[in-house]
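In this text, all values refer to a predicted model and were calculated from it rather than measured experimentally.
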Amino acid sequence: MAQESKKVLLIEDDIIDQMAFERLVSDEKLQCEYEIADSVRKAKWILSEKKFDVVILDYSLGDGTAFELIEFIEDTPLIFTTGVGDEETAVKAMRAGVYDYLIKDVDRNYIKLLPSIMENAIENKRSKEQLNMLSQAMRAINDSVLMTDIHGNIHFANHAFYKTYGYSEADIIGAADTILWQDKASYDEAARILFQNGTGEFYHKKKDGTVFPVFISKSSARSSKGKAGFFINISRDISESKKAEERILQERDKGQSYLDIAAVIIVVIDNKQNVQLINKKGCEILGYKKEQIVGANFIESFVAPSERERFRSMFGGETSVPEEFHEYCEVPIVTKDGSEKTIAWHNTLLKDKYGNITGMLSSGEDITLRMEIDRMKSEFVSTVSHEIRTPLTVILGLAQLLLSKETMEMEKARKYYKTMYNESKRLSDLVNDFLDVQRMESGKQVFFKEHISVVDVIDDVMELYETNSTHTILLDMDQIEYPPLYADFQKIKQLFTNLISNAMKYSPEGSKVRIKVRENGHFVKVTVKDYGLGIPSDCIPNLFEKFYRVDNSDHRKVGGTGLGLAICKEIIDAHGGTIGVSSELGKGSEFYFTLPVLLENHKEKR
């Protein structure tokens, strides 16, 4: 609905102020029709011909003052503006019925106040016009009604006021309205709030000193001639409603505290899918504050887009259970950081006494981690089955071949035996990996720590790869010897071989693997660098988790159980070191680990 255009008369002889007003109307797109008079004479002529909703009147004009025009401006709100007025002029203007009085400033900022003042002035006029019709109703209503002048002196009180407050007419008529307040501070604060909002909840004081809560509505009005301003104050005793509200809040807080103890999400959604209640756990999982969740549409705001229609179908008509309603379902939600969490929901429809569906109560358990573990376990079982089946198939095939041949060239037989040996060792390593993980998880892994040299470990490791024909292994050590370590020799050797084997496994044949050793403060740092597939950046945080494998077709082509790096981390953690990786997809990876050196004052512990 279009806003009604207002008719405004600006009486102003300063051309700059006139232009400022015109610019205000244009810039603010004010819905008003205006005329400008630059003298008393012209203003009188315009006022004799036309009616206006509000008049903005400069105090000092070239051929007179604003007071000469007041009698021509009946029943129209007046706004005084002046650059030379004083307090006496202001009081005189307000007593003459002026709605507001503005002091002009050099920068003409007062102009910016006019839109709201004009709006209030026009609204004030409407209130005044309704006043006579309301006066009789005021006497009969149950709410307390007071009329005060602009100085706060009481001129009228209805019967309900005398009954509620305990005053007589002799006590109250002519008294200042501050009598109803506990102190000046509370009176001033209420005046500020009522001036801004027109309504508010406060505390009043009865004649006997009793303080009680009231809801006050305050509006301003003028007499039919617009000569004297006054205010209408309507107050209602809300003592009983406050007590009831307090009881409700206490019960709600008590219920909320019970819900907040729960370790699952508890949410109440109305039949428009808006959240009416949610507990602490729900806020924690979603990542929002309670006030950000309550009132929001649950489906549109928090359910994963792919599942919204399915979840929405669970809300049927208002009087029947929807066909798609499920007491249990697994539906993912979207958290504040954009991640999805799968929630197992248990749902109950809420109905009123007539059987109409009013909403749904749902409790939800976050099963994201459980599902991920189940997925990883299933994938692990599949991977392990493949890893075991492959060497067993080779061994079985070669054994059958050897058994079926009565005679065979020694060289060929040796080749078959070597293959069987290698596959058997592969199986043995696989079983050892499983056993290592099991011991680490149960806390039963034993480390035989002693004084060892990292150079000795590297020598042993390099011997293992002397016959390697697929990769060139480059060793970069800047010292002949390094400070001793207090470590398990075989576990550190296993650490090296796992990382080197991975580097060879995930890089093309003929490429290089670089091993770099440096002393770094109280640590020895080792890096193993390859020039192979590289690792996606989003996979790096999960690399050292048990059973984790990069979900990438190129990586899936390479065998493995996803245990090697997890075992490496367990070994490093047990030795007080650190392990990490930097990688660029398609260009290779660099794994590093640090181990603390044996200080001179270190006492060997077994």
Side-chain angles (χ1 to χ4, degrees), residues 3-14 16-37 43 46-47 50-61 65-67 69-70 72-87 89-131 148-151 191-199 217-223 226-232:
Q3 187 175 2
E4 184 181 352
S5 181
K6 303 173 182 62
K7 294 181 174 60
V8 180
L9 175 61
L10 173 66
I11 304 174
E12 173 63 66
D13 61 349
D14 188 315
I16 302 300
D17 284 332
Q18 293 176 9
M19 292 172 62
F21 178 78
E22 290 178 322
R23 187 166 58 253
L24 172 74
V25 173
S26 174
D27 292 348
E28 297 294 329
K29 296 181 175 54
L30 300 181
Q31 298 295 315
C32 71
E33 302 170 15
Y34 65 88
E35 292 195 31
I36 298 176
I46 293 175
L47 288 167
K50 300 179 181 180
K51 293 289 185 182
F52 295 91
D53 294 311
V54 65
V55 174
I56 304 168
L57 183 56
D58 185 20
Y59 168 67
S60 178
L61 299 164
T65 69
F67 289 107
L69 291 170
I70 289 180
F72 288 87
I73 311 174
E74 293 185 357
D75 298 326
T76 302
L78 292 174
I79 301 172
F80 255 41
T81 63
T82 179
V84 296
D86 52 23
E87 184 176 348
T89 303
V91 172
K92 182 179 178 182
M94 299 304 286
R95 286 179 177 173
V98 169
Y99 175 74
D100 209 340
Y101 185 92
L102 295 178
I103 302 296
K104 294 182 178 181
D105 57 289
V106 175
D107 296 326
R108 290 179 170 79
N109 289 319
Y110 80 96
I111 289 286
K112 298 176 184 177
L113 302 175
L114 287 175
S116 61
I117 295 176
M118 287 191 295
E119 189 70 33
N120 291 338
I122 293 169
E123 183 62 32
N124 179 65
K125 179 191 174 184
R126 293 193 188 101
S127 299
K128 177 198 71 176
E129 290 171 346
Q130 296 172 0
L131 183 60
T148 63
D149 60 26
I150 60 173
H151 304 294
R192 183 187 65 79
I193 295 172
L194 290 171
F195 177 77
Q196 291 179 343
N197 306 324
T199 61
S217 174
K218 184 172 185 174
S219 59
S220 60
R222 299 186 201 91
S223 67
K227 297 294 183 181
F230 61 95
F231 297 94
I232 302 170

Do the side chains of [Y] and [X] get nearer than 4.5 Å, heavy atoms only?
{"X": "Tyr99", "Y": "Ile117", "answer": "yes"}
{"X": "Tyr34", "Y": "Ile56", "answer": "no"}
{"X": "Leu61", "Y": "Leu69", "answer": "yes"}
{"X": "Lys50", "Y": "Leu9", "answer": "no"}

Could you tell me which non-hydrogen atom of Pro77 sits nearest to which non-hydrogen atom of Ala121, and how far apart they are? CG-O, 3.4 Å
Any idea which heavy atoms bring Thr76 and Phe52 closest together, and the distance? CG2-O, 3.3 Å
To the nearest 0.5 angstrom, please state how far the [atom1] atom of [X] sits from the [atom2] atom of [Y].
{"X": "Thr81", "Y": "Asp58", "atom1": "OG1", "atom2": "CG", "answer": "4.5 Å"}
{"X": "Phe231", "Y": "Thr148", "atom1": "CZ", "atom2": "OG1", "answer": "6.5 Å"}
{"X": "Thr82", "Y": "Lys104", "atom1": "OG1", "atom2": "NZ", "answer": "7.0 Å"}
{"X": "Ser217", "Y": "Asn197", "atom1": "OG", "atom2": "CG", "answer": "11.0 Å"}
{"X": "Arg108", "Y": "Phe21", "atom1": "CZ", "atom2": "CZ", "answer": "14.5 Å"}
{"X": "Lys125", "Y": "Leu78", "atom1": "NZ", "atom2": "CG", "answer": "11.0 Å"}

Quick check against the 3.5 Å criterion: does [X] have a side-chain atom that pairs as donor or acceptor with the backbone of [Y]?
{"X": "Asn120", "Y": "Ser116", "answer": "yes"}
{"X": "Gln18", "Y": "Glu12", "answer": "yes"}
{"X": "Asp53", "Y": "Lys7", "answer": "yes"}
{"X": "Asp14", "Y": "Ile16", "answer": "yes"}

If you apply the rule side chain to side chain contact (heavy atoms under 4.5 Å, CB included), what do you find for Met118 with Leu30, and how did you get there? CA-CA 11 Å; Met118 287 191 295; Leu30 300 181; 4.3 Å; yes
How would you list, by chain and number, every residue that makes a salt bridge (Lys or Arg N to Asp or Glu O under 4.0 Å) with Glu33, sequence neighbours excluded? none
Leu114 and side chain to side chain contact (heavy atoms under 4.5 Å, CB included): which single residue from Ile79, Val54, Val8 fits? Ile79
Taking the six-membered ring for Trp, are Phe80 and Tyr59 parallel (under 30°), tilted (30 to 60°) or perpendicular (over 60°)? tilted
